[in-house]
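What follows is one structure encoded as structure tokens, with my remarks underneath.
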Amino acid sequence: MQKMSPKVLVTRKLPAAVEARLSERYDVRLNPDDRPLKRAQLSAAMAHYDALVSTVSDKLDASVLQAPQRRVRMIANVGVGFSNIDMDAARIVNISVSNTPDVLTEATADIALLLILASTRRTSAAETKLRQGHWRGFSVVDYLGSSVQGKILGIIGMGRIGRATARRAHFGLGMQVVFYSRTPFADPTEELGYPARQVDSIDALMATADVVSVHVPGGRAGPLISARHIAQMKPSGYLINTARGDSIDQDALVAALVGGRIAGAGLDVYAHEPTVPDALLQLDNVTLLPHMGSATAEVRTAMGMLAVDNLDGFFDGSGPVNQVL
Ligand code: DGY
């Protein structure tokens, strides 16, 4: 008797080459309209498929993962982050989880750099005015931003993307690097290959940095960067987030921006995506992107292919290459 192919639900549209590869091996259900699935659809899918290929927009919480008559045994998440998945709940019901690290490091660091420059140079507000027909010609005093050369970039989370961002900012923009990491570096300058200083608390980093860039995983019980931390930033400081929106107390950040207590922000991620607080949309000292850190054709294809490698590893018995659970 011919062996049945595992049934796989792909929750969102993926690059064509990735979908073609999935279709070759699996009994696959694709999402050609790319509409995010509702909680009830995700819960129902748990009983019908052997695996999910999911991503950040799928909230796989305990009630979904522990749906009755669960059949799903493997979740191949497309993304380095997996805070959309309740890992404790997945562990209890013995679901294997994988992610897609490395392939998106450089692209995400590029967007962090872009946000550093766009927010300090106020390009979003300037471009919006130009597009609205309000540009009256060159002015010596319009759109004055802040120079970054020689200023201090504070990195929170010195993992792969934090390092790639710091390297770009140091060598490309001439910024000084300080960082906060739970992992102690014996000699940061030696390890990173350029002068860099580790600080021992987020408080110290917030008070020191001219630009703070966040590179920590989300999914904690509360935001790592609290209202107290934001209050410690310099009035001339900028906050950049390309990691996860729930890592920062978003209400406190909005209040600091609205009240002019910090100079600006560059955000690619939000606490309750796709909702972006109205107050942010009104501000001209923020640059707002729609969670697109890894959005290049090459990288999104590589992420999808890695997710398929992980799925293949699971069903071959060799194990997912990037197993996180
Ligand atoms: C990631 O890889 O974590 C991106 O944010 C997309 O999920």
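Atoms within each ligand, like the ligands themselves, are counted from 1 in listed order. All residue numbers in this chain count up from 1 along the given sequence.
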Please indicate whether any nitrogen or oxygen in Arg244 is less than 3.5 Å from any nitrogen or oxygen in ligand 1. yes
Just to be sure I read this right, does ligand 1 sit under 4.0 Å from the backbone of Leu104, its side chain, both, or neither, counting only heavy atoms?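 Side chain only.
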Which of the atoms of ligand 1 are close to [X], meaning less than 4.0 Å from one of its heavy atoms?
X      : answer
Val56  : 7 (O)
His291 : 4 (C), 5 (O), 6 (C)
Gly81  : 1 (C), 2 (O), 3 (O)

Parallel, tilted or perpendicular: which one describes the rings of His170 and Tyr194, with boundaries at 30° and 60°?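 Aromatic pair His170/Tyr194 classed parallel.
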Worked verdict on Arg25 versus Ser5 for side-chain hydrogen bond (donor to acceptor under 3.5 Å, both in side chains): CA-CA 7 Å; Arg25 168 156 185 198; Ser5 303; over 6 Å; no
Students should be able to answer this: which protein heavy-atom is nearest to atom 1 (C) of ligand 1, and at what distance? Val80 N, 3.4 Å
Test item: side-chain donor near acceptor, Thr242 and Asp268, under 3.5 Å: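 There is no such pair (donor and acceptor under 3.5 Å, judged by atom type) between the side chains of Thr242 and Asp268.
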Can a donor-acceptor pair be found between the side chains of Tyr238 and Ser146 at a distance below 3.5 Å? yes
Is it true that a side-chain atom of Ser96 and a backbone atom of Leu325 form a donor plus acceptor pair closer than 3.5 Å? yes
